[in-house]
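Below is one structure, written out as C-alpha cells, with a few remarks after it.
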Protein chains: 2
Amino acid sequence: MVIELQIKMNEKLFLRNPEQSELGKKIIMHSIQLIHKSGFEAFTFRKLAEDIGTTEAGVYRYFENKHRLLIYIVAWYWTWLQYQVMYQTNNINDPIVKLKMIIKLLATTVEDDLSTSYVDEGLLHQIIITEGSKTYLTKRVSEDNKDKLFKPYKDLCAHIANIIKECNPNYCYPKSLASTIIEMAHFQNFFMNNLPSLTDFGQGKDDNSIIAFLDDLVFKTIAV
Amino acid sequence: MVIELQIKMNEKLFLRNPEQSELGKKIIMHSIQLIHKSGFEAFTFRKLAEDIGTTEAGVYRYFENKHRLLIYIVAWYWTWLQYQVMYQTNNINDPIVKLKMIIKLLATTVEDDLSTSYVDEGLLHQIIITEGSKTYLTKRVSEDNKDKLFKPYKDLCAHIANIIKECNPNYCYPKSLASTIIEMAHFQNFFMNNLPSLTDFGQGKDDNSIIAFLDDLVFKTIAV
DNA sequence: CCAATAATGATAGTATTACTATCTATAACA
DNA sequence: TGTTATAGATAGTAATACTATCATTATTGG
C-alpha cells in the first residue's frame with residue numbers, strides 16, 4: 001500500500017497551485033535543493049528556471065516572488081510537522097511524554113519522508129533552521145499574517161502551548177514557552193554547527209544534546 | 001562635563017572607518033534611520049546616498065556592501081550593550097541580581113544614549129530585533145565568524161554564561177541558556193508586536209511581561 | 001473528433017540593484 | 001607650495017526582479 005500525503009496549502013501563498021502540475025512540483029523540489037545549496041539570498045527565479053529547464057516566466061506563473069515561495073515551503077514544512085506530531089503523539093495520554101516527543105521531533109535531524117514524493121524533508125528541515133525566521137522578520141509581516149500565511153506555524157505553537165497547559169495549568173506563559181521551544185530547537189542547532197561558542201554542545205554535533213538542553217529547560221520551568 | 005563614548009570596531013567590518021569622518025558618521029546615522037524605516041531588504045546604498053546627499057560611490061568607499069554595514073551597526077550595538085551591562089552591574093556582587101539586571105537591559109526598550117552623538121540606540125534596538133539574526137543566518141557565517149565579525153555578540157553571550165555559572169556552578173548549559181535569553185528577549189518582543197498569538201503578552205505590549213517571562217524561565221532553570 | 005480552454009515555452013523588454021571605474025575638485029598637512 | 005587624502009560627479013556593467021506578448025502544445029467537454 002502506498003499512501004501519498006497531500007497537504008492543502010493556503011491559496012494566497014501561490015498564484016497557481018504547484019501541487020497540481022508536474023512543473024509546479026518541479027518548482028518546489030528544485031527550490032528546496034537550490035535554497036539548501038546556496039541560501040535564500042543567492043536564490044533567484046532565473047537560476048531555478050534554468051535548473052528545472054523552464055523559463056523565468058514559467059516560475060512567475062506559480063509564485064509572485066521568491067519570498068512568497070519561501071513562505072510556501074516553510075508553511076508546508078510546519079503543516080507536515082504538525083501532522084508528524086499528531087501521528088507520533090496519538091495514543092499518548094501523559095502530556096509530559098507528549099511534550100518530550102514533540103521536543104524530540106523538533107530538534108532531531110529529519111529524514112526524507114517517502115510518502116511525499118517531491119519534497120525532501122531533510123533538506124527542508126535544514127532550510128527552516130537557516131531561513132525560517134526570514135519569512136516573518138520583514139516589514140510585511142502584519143499583512144502576511146492577515147493573509148494567514150503563518151497559520152501552520154501558529155497552529156503548531158498553539159498545540160504545543162495546550163500540551164504545556166495540560167502539564168501545568170498554572171504556568172503563566174505557555175505560548176511564549178512554546179515559541180521559545182520551536183525557535184531554540186532551530187537556533188541552538190544553527191549555533192552548534194556554525195557558531196559553537198554560543199552553545200554548550202561541542203564538536204560532537206549531536207541532536208541529543210539539544211534535546212537534553214530543551215528538556216531540562218522546559219520541564220524545570222513548568223514543574224508543578 | 002561631556003563624555004563622548006567611543007567604540008572601537010573590528011577593522012574588517014569597514015573599508016574606511018566611518019567614525020573618523022563626518023561623511024562616515026552620516027552614513028551610520030542615516031543607515032540606522034533608513035533600515036529602521038523601511039527594513040533591511042528595501043535598504044540600498046543608492047537610497048542611503050540620496051538621503052545623505054552624497055553618491056553611491058561615496059558609501060562604497062566605507063562599506064563593501066550593505067550586509068557588512070548591517071553587521072557593523074549590529075556589532076556596534078552589542079559592544080555598546082556590553083558596556084551598558086558592565087556599567088549597570090558594576091558593584092553588584094550577587095550574580096542573581098546581576099542576571100536580573102541583564103535580562104532587564106536586554107528586554108527593555110532602549111532610549112537614545114546621548115553620549116553617542118550619531119547613533120540612536122532606540123532605533124538601533126528595534127533594528128536588532130528585526131534584522132539582528134540576519135547578520136549570521138547566511139551561507140557566509142563561517143567566514144564572517146573567522147573574521148571575528150560576531151565577537152561582540154559572542155563576548156556578551158560568554159559574559160552572561162559566566163554569570164549563570166556563578167549562580168549555579170552545576171548547571172550544564174550556561175552558554176545555550178545565555179544565547180536563549182538574548183534571542184528570546186528579542187523574538188518575544190517581535191512576536192508581541194507582530195504575531196501576538198505566539199506569546200502570552202496581550203495588547204498591553206509591555207516590556208515587563210517579557211522580563212517576567214524570562215526571569216521565570218531562567219531562575220527556575222538554574223535554581224539550585 | 002473537433003473546438004475551446006488552459007498550461008507551457010520562447011522571446012523581449014524595463015526598472016532597479018549592486019557594484020566598479022575614472023576623473024575632477026577640494027581640504028588638510030607637512 | 002606641493003603632496004596626499006577625501007569627496008563629488010559621472011558613467012558604465014552585469015545581474016535581479018519583474019511584466020508582456022505570442023506561439024505551441026495538452027486537456028477536456030460537447
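Letters A, B, ... mirror the listed sequences (proteins, then strands); counts begin at 1.
- The aromatic ring centres of A:Tyr136 and B:Phe191 sit less than 6.0 Å apart.
- Side chain of B:Ser179 to backbone of B:Lys175: a donor-acceptor contact under 3.5 angstrom is found.
- Proximity of the aromatic rings of A:His186 and A:Trp78 is defined here by a centroid distance below 6.0 angstrom, and this criterion is met.
- When atom types are taken as modelled, the side chain of B:Lys47 and the backbone of B:Ala42 share a donor-acceptor pair closer than 3.5 angstrom.
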B:Tyr173 and B:Thr180: CA distance, side-chain angles, deciding distance, side-chain hydrogen bond (donor to acceptor under 3.5 Å, both in side chains) verdict: CA-CA 10 Å; B:Tyr173 311 104; B:Thr180 299; over 6 Å; no
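- Remark: the B:Ser176 side chain and the A:Gln188 side chain contain an N/O donor-acceptor pair separated by less than 3.5 Å.
- Distance B:Arg46 CZ to D:dA15 C1': 15 Å, rounded to the nearest Å.
- By the salt bridge (Lys or Arg N to Asp or Glu O under 4.0 Å) test, A:Glu56 pairs with A:Arg46, sequence neighbours left out.
- A salt bridge does not link A:Lys134 with B:Glu41: every distance from a Lys NZ or Arg NE/NH1/NH2 to an Asp or Glu carboxylate oxygen is 4.0 Å or more.
- The stretch residues 53-75 of chain A touches DNA chain D through A:Glu56, A:Ala57, A:Tyr60, A:Arg61, A:Glu64, A:Asn65, A:Lys66, each having a heavy atom within less than 4.0 Å of the strand.
- The CD atom of A:Glu41 sits 11 Å away from the P atom of D:dA17 (whole-angstrom rounding).
- Near DNA chain D, meaning a heavy atom under 4.0 Å from it, residues 9-39 of chain B has B:Arg16, B:Ser21, B:Leu23 in order of number.
- Between B:Lys47 atom NZ and C:dT17 atom C1' there is a gap of 9 Å when expressed in whole angstrom units.
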